[in-house]
Amino acid sequence: MAASPVEIALGALLSCQVVVYRLNAQVLGIQVDEIEIAAEGDLDVRRPFGISEDVRAGFSAIRLHITITGPESDERYQELRATVDAHCPVLDLFANPTPASVIVTKA
């Protein structure tokens with residue numbers, strides 16, 4: 001079975017996080033030996049399946065669990081986290097409303 005679109009969205013978030021962590025670690029001079037990131041999201045499928053209009057169609061919450069291995073202090077890794085939070089474009093898509101428009105054209 002293939003991944004669902006919402007699973008692909010979480011995968012995009014994971015891969016973006018890894019790239020932005022690595023990039024910003026280099027910019028900030030923070031050594032990261034290994035980084036592991038796991039994501040989980042809360043999704044009530046009653047709305048997408050037309051069962052209830054009382055719940056959100058998308059994720060109601062997303063949690064990232066990040067484990068960093070390296071010689072730096074916890075404070076330095078928290079500095080890195082804050083920088084990544086401010087610069088990860090896919091995290092921004094989840095964290096902030098994005099104007100969207102839809103146009104349907106009959107062929």
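Because the structure is predicted, anything quoted here is derived from the model rather than measured.
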I want to check something: taking the side chain as every heavy atom from C-beta on, are [X] and [Y] in contact at a cut-off of under 4.5 Å?
X: Leu80; Y: Val84; result: yes
X: Tyr21; Y: Ile37; result: yes
X: Ile66; Y: Gln17; result: yes
X: Glu53; Y: Arg46; result: no
X: Glu79; Y: Leu28; result: yes
X: His87; Y: Asp92; result: no
X: Thr67; Y: Ile35; result: no
X: Ser52; Y: Asp44; result: no

*Nearest 0.5 Å, what's the NE2-CD distance between His65 and Glu40?*
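Answer rounded to 0.5 Å: 3.5 Å.
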*Interatomic spacing from OG in Ser15 to CD1 in Ile8 - rounded to 0.5 Å*: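 Answer rounded to 0.5 Å: 11.5 Å.
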What are the two closest heavy atoms between [X] and [Y], and how far apart are they?
X: Ala38; Y: Leu14; answer: C-CD2, 3.8 Å
X: Cys16; Y: Cys88; answer: SG-SG, 3.3 Å
X: Val20; Y: Pro89; answer: CG2-CD, 4.2 Å
X: Ala57; Y: Leu43; answer: O-CD1, 3.5 Å

*State yes or no: do Val45 and Ile62 share one hydrophobic cluster built from I, L, V, M, F, W and Y residues joined by side-chain heavy-atom distances below 4.5 Å, directly or via other members?*
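Val45 clusters together with Ile62.
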*asked:* Are Phe59 and Ile51 connected into the same hydrophobic cluster when the rule is that any two of I, L, V, M, F, W, Y join if their side-chain heavy atoms are below 4.5 Å apart?
replied: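 Linked, Ile51 and Phe59 end up in one cluster.
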_Gln26/Asn24 under side-chain hydrogen bond (donor to acceptor under 3.5 Å, both in side chains): CA gap, chis, key distance, verdict_ = CA-CA 5 Å; Gln26 186 174 19; Asn24 282 283; over 6 Å; no
*List the steps, then state whether side-chain contact (heavy atoms from CB on, under 4.5 Å) holds for Val32 with Tyr77.*
CA-CA 9 Å; Val32 172; Tyr77 292 128; 4.0 Å; yes
*Start with the C-alpha gap between Asp42 and Arg63, add the side-chain angles, then the distance that decides, and say whether side-chain contact (heavy atoms from CB on, under 4.5 Å) holds.*
CA-CA 9 Å; Asp42 300 331; Arg63 290 168 299 286; 2.9 Å; yes
*Mind running side-chain contact (heavy atoms from CB on, under 4.5 Å) on Ile68 and Glu34 for me, showing each step along the way?*
CA-CA 6 Å; Ile68 299 175; Glu34 292 184 31; over 6 Å; no
_For Pro71, is there any backbone N or O sitting under 3.5 Å from a side-chain donor or acceptor partner on Arg76?_
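Side chain of Arg76 to backbone of Pro71: no pair is present.
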*Measure from the side-chain N and O atoms of Arg47 to the backbone N and O of Val55, and report whether any donor-acceptor pair falls under 3.5 Å.*
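Flag set: sc Arg47 to bb Val55 pair under 3.5 Å.
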_Whichever hydrophobic residues join Val102 through chains of side-chain contacts under 4.5 Å_ =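 Answer for Val102: Val104.
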